[in-house]
Amino acid sequence: TTFETILVETRGRVGLITLNRPGQLNALNDQLIAELNQALDVFEADEGIGAIVVTGSEKAFAAGADIKEMQAKTYMEAYKGDFIASWDRISRARKPVIAAVAGFALGGGCELAMSCDLILAADTAKFGQPEIKLGIMPGAGGTQRLIRAVGKSKAMELCLTGRLMDAEEAERAGLVARIVPAAELLDDALKTAETIASMSLTAAMMTKDCVNRAHETTLAEGIRYERRTFHAMFATHDQKEGMAAFTEKRRPRFRNA
Ligand code: HXC
């Protein structure tokens with residue numbers, strides 16, 4: 001498949017997707033989201049892929065939804081076309097997805113990063129939900145995911161003023177897992193993804209499913225869900241192999257089964 005708005009590569013067991021609309025700071029238009037979803041479908045179906053990295057350019061992960069594409073939309077077009085529904089695909093990925101963010105991650109760009117399982121930030125990263133300045137508000141999960149990541153006051157301030165937050169503040173607030181020097185961002189993200197991909201994919205999929213469940217349910221239900229999933233792991237080859245390898249002081253050979 002050839003794509004026009006993203007670059008897609010395989011690096012070992014890692015699928016790499018690079019958002020690529022350099023003239024528009026990777027503004028997210030319908031075509032880009034459709035291509036991103038297609039690439040995710042391919043990587044998810046590929047037995048050889050154990051983790052996925054989504055990144056942008058040095059200057060921008062993504063500067064938001066494409067304002068010029070949205071500008072003339074009517075309510076009926078937004079409603080009938082179920083505008084934004086297709087943005088959900090990435091949050092439904094079953095394999096782990098890392099967002100590697102350098103430069104601007106604004107509006108829909110910040111929301112896309114938050115839809116991934118974890119965010120690695122370059123020291124140049126800037127996060128924000130500046131939609132209010134356009135007379136709108138976040139529409140791809142920003143009002144819901146940001147508060148869960150950084151708490152109410154900071155989420156409210158960012159959404160109501162449009163202020164941007166730098167990488168330091170984002171890390172302090174818990175939005176990003178780690179900050180790395182910009183020049184090392186991609187290598188670090190690929191290395192982190194490769195580490196994840198070297199584990200049992202079955203275990204990684206079940207783990208991310210359980211961690212993500214925490215945002216969708218009560219603590220008691222989440223604990224029950226975790227426990228049932230944990231029990232299920234004893235039916236896997238990889239649990240037997242992982243524990244045998246530990247006992248025999250050797251490296252495990254996971255089969256993702
Ligand atoms: C369309 C965009 C864009 C966007 C940048 N561009 N962001 N086009 N949609 N979101 C385009 C510019 O129009 C310009 O094109 C080119 O990219 C370079 O941008 P500049 O503004 O010249 O760059 P700079 O001066 O460095 O400023 C960078 C910036 C600024 C601060 C990030 O571009 C900016 O404020 N962008 C918009 C950020 C934003 O409001 N995002 C939220 C969007 S709403 P030309 O042709 O002029 O060279 C949203 C809603 C999500 O995301 C809801 C769910 C979908």
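Ligands are counted one by one from 1 in listed order, and the atoms in each one are counted from 1 as well.
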TODO: Taking atom types as modelled, find out whether T5 and Q31 have a side-chain donor-acceptor pair closer than 3.5 angstrom.
DONE: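 No, no side-chain donor-acceptor contact under 3.5 Å.
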TODO: Could you tell me whether the side chains of R178 and T192 share a donor-acceptor contact shorter than 3.5 Å?
DONE: yes
Task: Set of residues that line ligand 1, where lining means a heavy atom lies under 4.0 Å from it - done: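 Residues G23, Q24, L25, A27, K59, A63, G64, A65, D66, I67, K68, M70, I84, W87, F104, L106, G107, G108, E111, P130, E131, L134, G139, A140 each place a heavy atom under 4.0 Å from ligand 1, listed by chain and number.
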Task: Residues clustering with L219 (ILVMFWY side chains joined when closer than 4.5 Å, directly or via others) - done: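 Same cluster as L219: I223.
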Open item on the list: With rounding to the nearest 0.5 angstrom, report the NZ to CD1 distance, K191 to I98.
Closed with: 12.0 Å
Task: Under the side chain to side chain contact (heavy atoms under 4.5 Å, CB included) test, residues paired with Q239 that sit two or more places apart - done: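 F234, T236, M243.
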- [ ] Could you tell me which residues satisfy ring pair (Phe, Tyr, Trp, His ring centres under 6.0 Å) with F246, sequence neighbours excluded, listed by chain and number?
- [x]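 By the ring pair (Phe, Tyr, Trp, His ring centres under 6.0 Å) rule, F246 matches no residue at all.
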